[in-house]
Protein chains: 2
Amino acid sequence: MSTKQPAESPAPYHHGDLHNALIQAGLAILAEEGARALSLRAVARRAGVSHAAPYRHFADKDALLAAIAEQGFDMLAASTRAAIERFPADPVAQLAESGWAYVQFALQHPDHLRVMFSGLLRTPEDHATLRTAGRRAFSLLVDIMRAGQRVGVIVDGAPEQFALAAWAHVHGLAVLLIDNQIPAAATAASPEQLTRMCTGLFYRGVGSR
Amino acid sequence: MSTKQPAESPAPYHHGDLHNALIQAGLAILAEEGARALSLRAVARRAGVSHAAPYRHFADKDALLAAIAEQGFDMLAASTRAAIERFPADPVAQLAESGWAYVQFALQHPDHLRVMFSGLLRTPEDHATLRTAGRRAFSLLVDIMRAGQRVGVIVDGAPEQFALAAWAHVHGLAVLLIDNQIPAAATAASPEQLTRMCTGLFYRGVGSR
DNA sequence: TGTACATCAGTGAACGCGCGTTCACTGATGTAC
DNA sequence: TGTACATCAGTGAACGCGCGTTCACTGATGTAC
C-alpha cells in the first residue's frame, strides 16, 4: 500500500520509483528463491511491472546485478562502521566485531553475497560505482589497521596488506559457511565461535612463542 | 586420436570411456569458456556425442557437476600432499607451501573452483563421494596442524579449528583473486607475495608482542 | 486558469536462443550354447 | 568355431521452459504559452 496514492487506486501507470523497487525486488528474490532465480523477468514480475520496463532504468541485466551488488557493499560498509563505533579506540575489538558482522551478513544474505562475489556479474569492472562501493568498504578495514599501528597494538607493515589478509580470512570463512563446506569436525562450534576463533588467530597467530 | 582404434576409423559407436571423457570435456569447457558455459549439452557436444548420451553415465546435470567438483578436490589434495612431502618435518613450511598451492590451483582453474564452491551444485550433500573428497583434502591440513603441535611450533588447541582457519584464510584470498576483488592498494604485490604474506600472518599473527 | 505539446515511463507481442530431460529407437558387444 | 540372443551405450526427435532483448505502441506527466 503506497502512501502516495489513496488505497483504492490499484496500479498507477507510472511507478514513481521503479529503479529502487527493482533493486528491492531483486533482494527479495535472492532472499526467498536464491541467486539462480534472479532474472530480469522475475524481478520485473515481482515489482508488478512488465518485463520490458526495467530497461527504462537499467541498460541490461548486468547493470541491475551491479546495483544489487553495490547495495551489498554498502550494507557491509555500514555494519563495519557500526562495529568500529561500538568500540572506539580499540582496534583489536573493532577487527573482531567487523569480522563477525561480515559473517553475519553472509549468513543472513547468502545469495546476496553470491551476487557480489561469485562471478555472476560478467563485467564487474564496467560498473564504476560498484568498484567505488567495494573500495569504500575495504578502506574501513585499512583504517582499523592504521589505528592499531598508531596505538601500537598492530605490528608495522603495509596496512593495506593486513587489511586484505583480514578480509580474505573472514571472507573465506563466510563463503565456506554459506556453502556448507565446514567440515564436521569444526561444526561443533557455532558460526560466531568459529569467527571469533579466526579473528583471534589472525591477531595472535598460530605459532608458539 | 585414440590408440585403441586404427587412426582411419572415425567415430566408434561405443565410446569406451565416456564417463571420464565427459568429465574431461567439462574441465575443458571450464578452462576455455567458463562456468556459465558448462551445460550438459555443451559437455556432450565437446565429447562428440549426442546430448542424450550423458544420461547413460550421470543421473542428471548435478551428478556431472559433482563429479567435476570431486576431481577438483582430488587435485587440491594431491598438490597439498606434494607440498607436505617437499618439506618433511617442517609443518610451518608445509602450511605456507600448501597455501600457495591452493591459490595456484585457483588461479589456474578459476572456474573449476567456482563449480566446487559457488553454489552451482544444487545439492552437494547428495553426493557422498564429493563430500568424502572434500574431507580427505581437509584432513591433510589437520595433519599438518597436529604435526606442528607435536614438534611444538604450533600452539595447543583444536587442530581441526586451526585447519579450518587456515583453509578459510587461503580460500578467501583465492576467491578474491579470481574475482578480481583485490584492492588496487594491494595489487602491487604478486599473488604469490600476497599468499605468503597471508600464511606468514597466519603463523605469526598481526598483533605486536 | 486552460490548452497544446514534448517527453518519457511502462506495455505487450515477438524474436531467437539454449537448456534439461524423456522416449522409442538402433547398433555394437559379449555371452550361452 | 558359429549362431541366437540379451544387454545396454549411444541416437535424434521432441517436450516445455524461461530467458534477455527489441520494438512499435500507449498513456501519464509536466512545461510553455
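Throughout, a chain's letter reflects where its sequence line sits, starting with A, and its residues are numbered from 1. Nothing here was measured: the structure is a model prediction, and the numbers come from that model.
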- Hey, is the side chain of Arg56(A) poking within less than 4.0 Å of OP1 or OP2 on dT22(D), counting only N and O atoms? no
- Message: Would the base of dG18(D) count as contacting Arg41(A) through its side chain, where contact means a donor and an acceptor less than 3.5 Å apart?
- Response: no
- Task: Examine the base of dA13(C) for any acceptor or donor lying under 3.5 Å from a partner atom in the side chain of His51(A), and report the outcome as yes or no.
- Result: yes
Partner nucleotide of [N] by Watson-Crick or wobble geometry (both distances under 3.5 Å):
{"N": "dC17(C)", "result": "dG18(D)"}
{"N": "dG12(D)", "result": "dC23(C)"}
{"N": "dT31(D)", "result": "dA4(C)"}

For [X] and [N], give me the distance from atom [atom1] to atom [atom2], rounded to whole Å.
{"X": "Leu120(B)", "N": "dC19(C)", "atom1": "CG", "atom2": "P", "result": "14 Å"}
{"X": "Glu33(A)", "N": "dG18(D)", "atom1": "CD", "atom2": "C1'", "result": "13 Å"}
{"X": "Arg45(A)", "N": "dC17(D)", "atom1": "CZ", "atom2": "P", "result": "13 Å"}
{"X": "His19(B)", "N": "dG10(D)", "atom1": "NE2", "atom2": "P", "result": "12 Å"}
{"X": "Ile29(B)", "N": "dG18(C)", "atom1": "CD1", "atom2": "P", "result": "14 Å"}
{"X": "Leu38(B)", "N": "dG20(C)", "atom1": "CG", "atom2": "C1'", "result": "13 Å"}
{"X": "Leu64(A)", "N": "dT21(D)", "atom1": "CG", "atom2": "P", "result": "11 Å"}
{"X": "Phe58(A)", "N": "dG20(D)", "atom1": "CZ", "atom2": "C1'", "result": "16 Å"}

Nearest-nucleotide pick for [X], side chain only, options being [options]:
{"X": "Ser39(A)", "options": "dC19(C), dT11(D), dC19(D)", "value": "dC19(D)"}
{"X": "Leu40(B)", "options": "dG20(C), dG10(D), dT11(C)", "value": "dG20(C)"}
{"X": "Lys61(B)", "options": "dG20(C), dG10(C), dG20(D)", "value": "dG20(C)"}
{"X": "Tyr55(A)", "options": "dG20(D), dA9(D), dT11(C)", "value": "dG20(D)"}

- Item | Pair Asp74(B) + Arg136(B): basic N to acidic O under 4.0 Å | yes
- Message: Between Arg81(B) and Glu85(B), does any side-chain N to carboxylate O distance fall below 4.0 Å?
- Response: no
Checking all strands, does [X] fall into the base, sugar-phosphate, or nothing category for heavy-atom contacts under 4.0 angstrom?
{"X": "Ser50(B)", "result": "base"}
{"X": "His57(A)", "result": "sugar-phosphate"}
{"X": "Arg36(B)", "result": "nothing"}

- Task: Keeping the roles fixed (side chain from Arg114(A), backbone from Leu30(A)), state whether a donor-acceptor pair exists under 3.5 Å.
- Result: no
- In this structure, which one of Trp167(B), Phe162(B), Tyr102(B), Phe73(B) forms a ring-ring contact (aromatic ring centres under 6.0 Å, His included) with Phe138(B)? Trp167(B)
- More than 12 heavy atoms of other groups within 6.0 Å of Arg86(B) CZ: yes
- Comparing Ala52(B) and Ala52(A) on DNA chain C - which has the more 5′ nearest nucleotide: Ala52(A)
- Decide side chain to side chain contact (heavy atoms under 4.5 Å, CB included) for Ile144(A) and Leu140(A); before the verdict, give the C-alpha distance in whole Å, the side-chain angles of both, and the deciding distance to 0.1 Å. CA-CA 6 Å; Ile144(A) 296 180; Leu140(A) 292 170; 5.8 Å; no
